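First up is the structure itself, then whatever we jot down about it.
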4 protein chains.
Amino acid sequence: MNPAPFHGIFPYLVSPLDDRGRARERVLHDLVGGLIQNGVHGLSPLGSTGEFPYLTPEQRIDVVRTVVRAAAGRVPVVPGVAAYATGDAVRQIHALLECGVDGIILILQAYFPLSPSAVTDFYASVAEAVSCPIVLYSNPRLLGVDLTPDQIVGLSAIPNVRYAKDASGETGRILSILNRVGDRMKVFSASAHVPLLVLQLGGVGWMAGPACLLPRESVALYRLAVAGRWQEGLELQRRLWRANELFQKYSLAACVKAGLAAQGFDVGGPIPPQSQLPAEAHREICQVLGEIAADQSVQALVQAKIVGP
Amino acid sequence: MNPAPFHGIFPYLVSPLDDRGRARERVLHDLVGGLIQNGVHGLSPLGSTGEFPYLTPEQRIDVVRTVVRAAAGRVPVVPGVAAYATGDAVRQIHALLECGVDGIILILQAYFPLSPSAVTDFYASVAEAVSCPIVLYSNPRLLGVDLTPDQIVGLSAIPNVRYAKDASGETGRILSILNRVGDRMKVFSASAHVPLLVLQLGGVGWMAGPACLLPRESVALYRLAVAGRWQEGLELQRRLWRANELFQKYSLAACVKAGLAAQGFDVGGPIPPQSQLPAEAHREICQVLGEIAADQSVQALVQAKIVGP
Amino acid sequence: MNPAPFHGIFPYLVSPLDDRGRARERVLHDLVGGLIQNGVHGLSPLGSTGEFPYLTPEQRIDVVRTVVRAAAGRVPVVPGVAAYATGDAVRQIHALLECGVDGIILILQAYFPLSPSAVTDFYASVAEAVSCPIVLYSNPRLLGVDLTPDQIVGLSAIPNVRYAKDASGETGRILSILNRVGDRMKVFSASAHVPLLVLQLGGVGWMAGPACLLPRESVALYRLAVAGRWQEGLELQRRLWRANELFQKYSLAACVKAGLAAQGFDVGGPIPPQSQLPAEAHREICQVLGEIAADQSVQALVQAKIVGP
Amino acid sequence: MNPAPFHGIFPYLVSPLDDRGRARERVLHDLVGGLIQNGVHGLSPLGSTGEFPYLTPEQRIDVVRTVVRAAAGRVPVVPGVAAYATGDAVRQIHALLECGVDGIILILQAYFPLSPSAVTDFYASVAEAVSCPIVLYSNPRLLGVDLTPDQIVGLSAIPNVRYAKDASGETGRILSILNRVGDRMKVFSASAHVPLLVLQLGGVGWMAGPACLLPRESVALYRLAVAGRWQEGLELQRRLWRANELFQKYSLAACVKAGLAAQGFDVGGPIPPQSQLPAEAHREICQVLGEIAADQSVQALVQAKIVGP
């Protein structure tokens, strides 16, 4: 268990599976090693990028166990835990804690419409049944259920509910949360937000699929923010934004997998029935990644010595 | 394996769980026995009424195995199989076939948006990978993905895709399907439709949560339709419709569980974080069921000797 | 003012405008004359087919006045009145009553979300401020605000609220209404429903864009229903349904205008920025109309002597 | 016609009507005078705050003419022009230009779904048919049609399309636009965004209902941004945000009218059938405005001598 508070860049990892549906150990090991070497502050398997809804319970465990082994305690591992049922979430968390994770991102899935109090009950019941740090997750568009700023503020009273990540893209919601939670809760940006702006409002990091592909650039962005060098941060953010746009335009998991394949990681395609990206999308992803790598302003900021945490 | 084509009244069964999360065998046995005695033509565990998204893979198997045992071959058992991933659907079906089911209702869940061709691919790939009869299921509102009449017509070319159940509530979609599938495919009504009208258009039955609570009345409705006694059928349908309204007003699974509890079946409440129904809803459900039971016009039609199939 | 209750086939008229934005008098005159000659029971300008949101207040008056003149009292004229503001609806109705209309279809548009009680207030306030018969209209998908069966039943207590037309496509809503309004209110089918089924449930007619193009066939459908010849009615309905499908597939007003143009009425295209239909859609519309005209089963039923009201 | 580019704080004005539905001239005169005295940089009648959908064409002209007279050339007047039909938008703009407005905010309303190219056609056709500066407006949630960053960038090639205002609340969209339009287009914040962040990204101002109630504070926020005093700006923004939250929680126009009434402007309630706000909402609005007025940190920043444009 890593005692320092979570902060900084947490790439959402993809879930590369082999033909038998097992986690590809070597690929995940290489990916994790490279990300840590490039300075990321933590790792999040089983987010949207990790295609959690498409994995069986065994596959989820398999992926997380492999990541924990690869990380070898160098950075915290904080996987997503998604469930429809309260009891199922608790069971999943217990299994993941046995794998050695440092905390979890809690994701409520909804089938029948849920009342606001049922939503709050889910988060509170799960948090109180486990001991690890919890990151609240809200993503009304993909999940079909909202977790509002007011609910997040209320849940922040529970001791191990220490983080929130809002993926609505409405940056005002982050300000609404931060204005009211004081020191009880820290907030992470999602990629639908402009991460630098969230950091400026008081956010502590960015949990991000694109950071799998641009770890050094993402870490540089974070360090500029921590150092209060906002003007340079904004300059870097402007140039990195095209990657976020791309991953909103095409399907997120398919995009990150395509980008990693282009970087030499044999991660496979999105899990069927999700479609492979068309060739044109592959070209566009390669082009954007190439332009960022060749952008001298970006690379100067990446290589600058910034005093970070 | 039951060789006769599926038809008639298929109650969607609830999933009663005990404190350890196991299927309540006795309750399911009593429920199934009573339904068969009251004339239902098949049984469908793991539909929306069966709260499939809230069950683990083991719980799903457990519920279906219990139902198959209780049915003891007297009527076909056709459970729902819901999945995000193509491979997961195939695995689930194989496991259920080992339990002895006679066919399955195939339900696609979506997280990232799917293209129409990805949707068709899912259904076609799964159907071609298994041997049992498949019921296509469309429910755009609850599932976040549509399976259109055009897609259903296209999929009817696959030999074991022999049934469709549309839960959109738009009865014109049923006519669009029936106008084009000829004898290749049979269509069931969902409870969002007026079942008698679907039967009149050429539907072969009704897969229904409310039929758990009103099996004799539902069977009578079906028999009147088969006998072509439309005027009496409409009279009965009008009087039964309040039950459908009720189950749309409140949450479906919670309603059916509440009604069964009122009839003496110890099925428990909806799986958390779903809320228990308020006392007022319990009263309203009991009142509606009581009025139908006391309605002499209804009971006369239920007891009429109708030549059925 | 026509004292007989509204019933039967009410074609929704298109709004053909000339280059200066004035109603094309000759075209409307010919269209109205043809429809009446083919047996329609009333006329509804300014529905969705009439592109009401795209017309200025003056254009709305201009279209209705032209239709009233062309109808010359032979059938009732019942235009749509759409408004965001209560006062605006009342003003529009007064202006239309001066043109000589026999009743109106009341359509609430919403910008900011409205509470259910605000929705009811709109309908009740407008109905009580005018003297003519009111047809309630609900179309949650296009209008962004629902008028539920419960609200419709409540509003039926107002003496001049005598009709409802539900365009949700969910035929169960019609049954919910009819089960509770007794003789106080009559219900019309919209084209999203299967009209014959609505007539069978107790509906009194069909307000329909497609009836502009298929007036004789639509009237025959209605007459078969009134005569209780359901089997033939269903046969005719099955064959006419492709027209409804087509008008749901493409944009309704553009479709009806295209079909009328093919029949020789110079009605122009949809009002910009709505797109002209592609050539392929024109071909498909012509083909469907041609097939219905050439279908001997259809034409036999159209020419049958049916005792109508 | 005001030749300087639009920038800074543009309060969206309410539309106070008397019993006969005429603009309340005295109230608008007082409100406009006060706002200008408090430093606002322009005025926008007929936005959402101005309840444009609830006004007849005559009422719209009446409100704008009154505002132009009251402004007396001291600041530019840039009203909203909302239309479903291309021709109607052009006609409205011509009428408003005769009233003396300095530009317009162009708002597309949709009834039938529109293709992306039809959306672009609307904006391009209207812009090319008139001579004044155009502010593009996107608000997918309230308007039912999107105008995407890509479309906005494309339209920026038209000479008089010089501004855009995105009300989606997704601040990343603003960055997507600004990254690509260069000097051709300037961007305003809407109140669903955190205005200071938009200014930091390169936005030139804030068009805002709440600025009616907090003109001095809004102007101070803008001036801090222009002076590059981001830290103080953020401090002020944090304290003002509760007003934005409030106006998202309740209905925008009703809220602004309630707040103005509390400040002594006799603007009346929202136009029926919109509901009056409950007493509790009135109290909450008064409390928030009172707290901001009493907040010494806020008032110190408001009174600071900031070198502005």
Side-chain angles (χ1 to χ4, degrees), chain B residues 139-141 146 148-150 153 166-182 189-203 206 208 210 221 225 228-231 233-249 288 291-292 295, chain C residues 139-141 146 148-150 153 166-182 189-203 206 208 210 221 225 228-231 233-249 288 291-292 295:
Chain B
N139 192 339
R141 271 178 299 192
D146 198 8
T148 65
D150 274 351
V153 171
D166 173 272
S168 70
E170 296 178 41
T171 306
R173 288 169 64 124
I174 306 253
L175 183 52
S176 292
I177 296 166
L178 285 172
N179 264 350
R180 287 185 247 158
V181 291
S189 181
S191 304
H193 294 280
V194 180
L196 190 83
L197 298 182
V198 174
L199 294 170
Q200 192 164 10
L201 289 176
W206 176 24
L221 189 77
R229 291 161 64 170
W230 299 110
Q231 206 51 44
L234 200 51
E235 185 60 29
L236 180 56
Q237 178 66 84
R238 270 202 197 95
R239 290 160 185 271
L240 296 182
W241 185 244
R242 248 195 95 185
N244 292 48
E245 290 176 324
L246 206 60
F247 297 176
Q248 285 179 27
K249 177 177 170 187
V288 167
E291 283 174 13
I292 289 172
D295 184 325
Chain C
N139 191 339
R141 270 179 299 190
D146 197 9
T148 65
D150 274 352
V153 171
D166 173 272
S168 70
E170 296 178 41
T171 306
R173 288 169 64 124
I174 305 254
L175 184 51
S176 293
I177 297 167
L178 285 172
N179 265 350
R180 287 186 248 156
V181 291
S189 181
S191 303
H193 294 280
V194 181
L196 191 82
L197 298 181
V198 174
L199 294 171
Q200 192 164 8
L201 290 175
W206 177 22
L221 189 77
R229 291 161 65 170
W230 299 110
Q231 206 51 43
L234 198 52
E235 185 59 30
L236 180 56
Q237 178 66 82
R238 269 202 197 95
R239 291 159 184 270
L240 296 182
W241 184 245
R242 247 194 96 186
N244 291 50
E245 290 176 324
L246 206 61
F247 297 176
Q248 284 178 27
K249 176 178 171 187
V288 168
E291 283 173 15
I292 289 172
D295 184 326

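Chain identifiers are assigned alphabetically (A, B, ...) following the order of the sequence lines, protein sequences preceding nucleic acid strands; residue numbering begins at 1 within each chain. Predicted model only: the values in this text are computed from it and were never measured.
- We find the CD-CG distance between E245(C) and N179(B) to be 6.5 Å, quoted to the nearest 0.5 Å.
- When the candidates R239(B), R141(B), R242(B) are compared by the number of heavy-atom contacts under 4.5 Å with chain C, R141(B) comes out ahead.
- Between N244(C) and L175(B) the shortest side-chain heavy-atom distance does not fall below 4.5 Å.
- Between R173(C) and E170(B), none of the side-chain N atoms (NZ, or NE/NH1/NH2) sits under 4.0 Å from a carboxylate O, so this pair counts as no salt bridge.
- No more than 12 heavy atoms of other residues, nucleotides or ligands shown are found within 6.0 angstrom of CD on Q231(C).
- For the pair I174(B)/V194(C), no side-chain contact is recorded, criterion being any heavy-atom separation below 4.5 Å from C-beta on.
- With a threshold of 4.5 angstrom between heavy atoms, Q248(C) does not approach chain B through any atom at all.
- There is no contact between L178(B) and chain C, counting heavy-atom distances below 4.5 Å.
- Rounding to the nearest 0.5 angstrom, the gap separating the CG atom in D150(C) from the NZ atom in K249(B) is 7.5 Å.
- Here Q200(C) contributes atom CD and L196(B) contributes atom CG; the two are 7.5 Å apart, rounded to the nearest 0.5 Å.
- Of all heavy-atom pairs between W241(C) and S176(B), the closest is NE1-OG, 2.9 Å.
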